[in-house]
Structure formats: C-alpha cells, structure tokens
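Inspection log for the structure reproduced underneath, given as structure tokens.
We name chains A, B, ... by the order of the sequence lines, and we start the count at 1 in each one.
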Protein chains: 2
Amino acid sequence: MKSMSTKPNDNTASTIFNACKNCRLTSICTPLNLPPITLDELSTQERVIHKGDELFNSKTPFSSIFAVRSGALKTILSSQPSQPQVTGFYLPGDIVGLDGLETNTHTNSATALETTAICEISFDKLEKFSLNDPTTQRPFLQLMSQEINNNQALFMQQSKKNAEQKMASLLLSISARFKKQGYSDESFSLPMPRADIANYLGLTVETVSRVLTKLNKEQYFNIDKKQISQLHIKKIQQLAES
Amino acid sequence: MKSMSTKPNDNTASTIFNACKNCRLTSICTPLNLPPITLDELSTQERVIHKGDELFNSKTPFSSIFAVRSGALKTILSSQPSQPQVTGFYLPGDIVGLDGLETNTHTNSATALETTAICEISFDKLEKFSLNDPTTQRPFLQLMSQEINNNQALFMQQSKKNAEQKMASLLLSISARFKKQGYSDESFSLPMPRADIANYLGLTVETVSRVLTKLNKEQYFNIDKKQISQLHIKKIQQLAES
DNA sequence: CGCACAGTTGAGAGCGATCAATTCGGGTGG
DNA sequence: CCACCCGAATTGATCGCTCTCAACTGTGCG
C-alpha cells in the first residue's frame, strides 16, 4: 500500500501547498519568498467552523493568523460593551487576526457568518521565517503598512459619504474580493445580515434596507434576500466615488 | 574656553540624545533597546520649517520618518485631488511619515501649521538596527500594529458620533498629547484653522464653529480664537464617550 | 401552526449641510 | 498710525438626509 495522497489525514507539505495556493495567503507567502516546504511548518490543516461559532474572541491569546478558505467571518470590537462595532467582513482569501499583534491578545472577536473553512498560520513561526531574513522583512512591514493606509484614508473618506455611497463601496469591496478568488463579481450572496451591514457602515437597519431597495429599483443590481445579481459595477463605482 | 554645549552648531551625539529624550521618539527607541550611540547615526539635527512649508508631499520618496519637536503639522491625502482629506495632526512628540512605507513613496503630504522643528530619522538605518535583532523586531511590529488598531476601531467609532462628540474627541486627543510632553492639558493653542478641523472630522466649517461656541457656553472650556483654556477634561470625556 | 427574529415600509423629528450675510483679524501700503 | 483688503470665523435661515418610532411582512424552526 502506497503511503501517499488520498488518505483523509494526508497532511503532507504538498497537500497544504495545494490548499493554500489559491488563497490570498500568497500575499504573505509569495512576497516573502517562503519556500513551499516551510508552509508545512507554518499552516495547519483546513478547519471548519459553523455559523455563530467564534474563531477567536477578545480574550484569546494571539498566536496565529487565519486565512479564510470558504464561507465568511465578521470581526467585532467591543471596547465599550454597550456599543459593539463590526470592524470587518472576511471572505475567501482574506487574512484575519492581525489585530492581536499589538497586545499579544486579540482585541476583536471573529464570528462565522456561515459555515466557514479556515487555515491557521502560526505567527511565531511566520515571524521567524520572514523577519530573520533581511531580504524579506521589508515586505512584511509593507503588508502591515497597507492595513494602516487602507484603514486610515479609506475610513476617513467613508465617513463623509452618504448612505448610498457607503453601501456602494461595501458592495464593490465584496465584489472585488470574490473576483480575486475566481468567483463572479456581479452575482454573489451577502453572507451578513442587514444589522451587521448597518453597524459596519454606521447606519441603521432601516436605512440599509431603504438604500438596497432604492438601488435595486434604479438598476444598480437585483437583490432578493441576500442574493445580489447583475451588479452593474461601473455604474455603482460612479456612485461610490461621489 | 570649554568645548561643550552652548555652541549653536554643537551636533554631537550627546546633544542629539538630549534633543530626543523628551520626545515620543522614545516610543520607538526605548522599546527597541537602541543604545544612545546609535541615535547619532539615526537622527539628524533638528530642522525648522515654516508655516505653509511642506515637509514631504505625495511625490517624495520614502526614506525617513520624522519626530515633531515643536510646532505642528497636518497631513493631507489627495487620492482624489478634488477632495483632499486631512488625515492627521502632528504635535510635539508625534511621529509622522510612516505612510510612505508601503509604496516607498509618501502617500500623504505633510504641511507645517506654524513654525515647526522636526527631527529626521533614517528609516533604513532604523530598520537595520531594530529588525536584525530578533529581540527587538516584535516591538517594532507592535508599534505598527498599534496604528492599525487605533485607526480602524477609532475611526469607525468616530463616524458614528455627532459633531459635538467628534470635536470632544479631537480636543481630548490634542490635550493628551500636550500632557504627555509636559505641557498643560487644559490650556493650549489649537494650531490648525477651523477648515482643517472640519475636513478632518468630516464636518463643515460652520458646524465646527457652532459646536465650539456651544461647548464654550456650556462651560466645557473657554475658547478665544485658537486659544483653549480651562478645558474641563472629565466633563468633555463624558461627552466624547457618547 | 405559531413563535421569534429578520427585513421592509411609513410618518415624523432632528442634526448637520447649504446658502447667505456679517464680523473679526492680520497684513499691507499710504 | 490708520485705512483698506482679504481670508478666517461667526451667525442666521432653510433644506434634506438619516434617525427614530411604529406597524407590518416575511421566514426559518420547533
């Protein structure tokens, strides 16, 4: 009997490499020139969590970051427990969990919005592999810096937009991420409830609902429940760019 | 005649160390265990720029970060040139310029709001000193991570606040930074014009003016032109924490 | 079948934007 | 030193977007 492949628990480097090659984890691995063999030591096998399950919460020690393989997560910050803030939606290809770096404990909680498969990457090991090598430390810092720039500039601009423009921006962001993963960018399902969208965008549920209805009528897209179809990307870009 | 101090151009290591020891640059240097001698190689002499001068703009290659010694700067992002966004105010002790890390070019421009003294720190050298040493690379990443967390959570919460609460938060932020530098935290001068405050907070100049007038009447502080005095910190914290 | 929750739709109120007029202040030149 | 000017700041009146409160509809699940 051959001792390779097809076994359910086949956790060899090549298997993991295949699992990772299509996800945005490559945005970390690739620029850092990590040889495939090290991926074996960095990442664990794919893991599945279910709707409502927490991947980590604000009491979880930070030791890993996570790549979303399928499904969707939301992150919530509850610095004031009375006013939880949805801080992000994470779709296939996204990396979640860097929020724990500062204090060595996650500050957000991450909850599955539906059945979700994730890859766990040990940050300690990633750090050793990437940062001890002078030629790869800069790319890693740049990855962090991206988040700084994206968040600061993007969110400050966001706060000046009206409800329609905020909704448009979110839809474009989701659309772009699906596209990057090889899915349709004009037909997809919104994995999160209206209340989460509202919280994330700083609106009320009622306003989100009204905006979706209005944009639907005006042919920006068709929406039925959570299903978006015929998203008119150019048209909605014009709307978003105020 | 003694050959120490009091000379205008005394640019020795000890002078620079003295110049730096009171500034928030220590938040980089200290946790990284940089020996004082290396500061000589990292930082240059204090430099003065005048109101309206640009420290860097969006075309400046990234090679240094800057510590504000006195005065004040604003950073502006003009990704859509028609809608410039004030992205930050930098007071004594603040570090400005990390925005250039991602693309190796600054994305913001930094303009002096008044006569301002700054220290320039070579990022290349800082990076070599700090990151080649495994015991100091984590603190540096944490510094970056702080910015991520601060910005994301803070700005998302910010966008849900009303005009008074936004103004309160900004005043508290400024007050705290002055305090950290040993200045009064209840009496200080706002270095930026109302228009910059408005742009930064996502409000109009008129609203900023009205809010300041209202908070003045309600004894949160006294304001005369740019001069804030008798800032009632506890009271204004309650307002900010919605 | 009924319950709980998610989502939609409507009416009214309030906050901040907009438009407009006025005041204030710093700088310049006579 | 004063008159003048121009931009910054204040103040007022009105409009509109979004929130709030409320009722209703739809949906998944026991």
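OP1 or OP2 of C:dG7 lies within a sub-4.0 Å distance of a side-chain N or O belonging to A:Lys226. Listed pair B:Thr207 / C:dA17 meets the phosphate criterion, a side-chain N or O lying under 4.0 Å from OP1 or OP2. Regarding contacts with the backbone of C:dG16, every side-chain N or O of B:Arg210 stays at 4.0 angstrom or more from both OP1 and OP2. The side chain of B:Thr204 contributes an N or O atom lying less than 4.0 Å from OP1 or OP2 of C:dA17. Between B:Lys225 and the phosphate of C:dG25, there is a side-chain N or O to OP1/OP2 separation shorter than 4.0 Å.
With D:dA9, D:dT18, D:dT20 as the candidates, the nucleotide lying closest to the side chain of B:Ser209 is D:dA9. In this structure, the nucleotide among C:dG16, D:dT20, C:dG7 sitting nearest to the side chain of A:Pro193 is C:dG7. When each of C:dT18, C:dT9, C:dG16 is scored by its nearest atom to the side-chain atoms of B:Glu206, the top-ranked nucleotide is C:dT18.
Between the NZ atom of A:Lys161 and the C1' atom of D:dT18 there is a distance of 18 Å, given to the nearest Å. Whole-Å rounding puts the B:Leu203 CG to C:dC15 C1' distance at 11 Å. Between the NZ atom of A:Lys166 and the C1' atom of D:dC17 there is a distance of 11 Å, given to the nearest Å. With rounding to whole Å, B:Lys160 atom NZ is found 14 Å from D:dT18 atom C1'. Between the P atom of C:dT8 and the CE atom of A:Met167 lies a distance of 11 Å, rounded to the nearest Å. A straight line from CG of B:Asn162 to P of C:dA17 spans 11 Å, rounded to a whole angstrom. One atom, CG of B:Leu201, and another, C1' of C:dC15, lie 16 Å apart when rounded to the nearest Å. In this structure, CD of B:Glu114 is placed 15 Å from P of C:dG26, rounded to the nearest angstrom.
Across the interface with DNA chain C, nearest-nucleotide mapping of B:Val208 and A:Thr213 shows A:Thr213 to be the residue nearer the 5′ end.
Expressed to the nearest 0.5 Å, how far NZ of A:Lys214 lies from CD of A:Glu218 amounts to 4.5 Å. Summarising the geometry, atom OG1 belonging to B:Thr116 is positioned 10.5 Å from atom NZ belonging to B:Lys51; distances are rounded to the nearest 0.5 Å. Put simply, CD on B:Gln230 and CG on B:Asn216 are 10.0 Å apart, with the number rounded to the nearest 0.5 Å.
B:Leu212 comes within 4.0 angstrom of nothing in the nucleic acid, heavy atoms only.
Ring geometry for A:Tyr200 against A:Phe89 counts as tilted: the plane angle lies between 30° and 60°, on a 0 to 90° scale.
Looking at A:Glu164, its side chain has no donor and acceptor atom pair within 3.5 Å of the base of D:dC17.
For B:Lys160 (side chain) and A:Asn199 (main-chain N/O), a donor-acceptor pair under 3.5 Å exists by modelled atom type.
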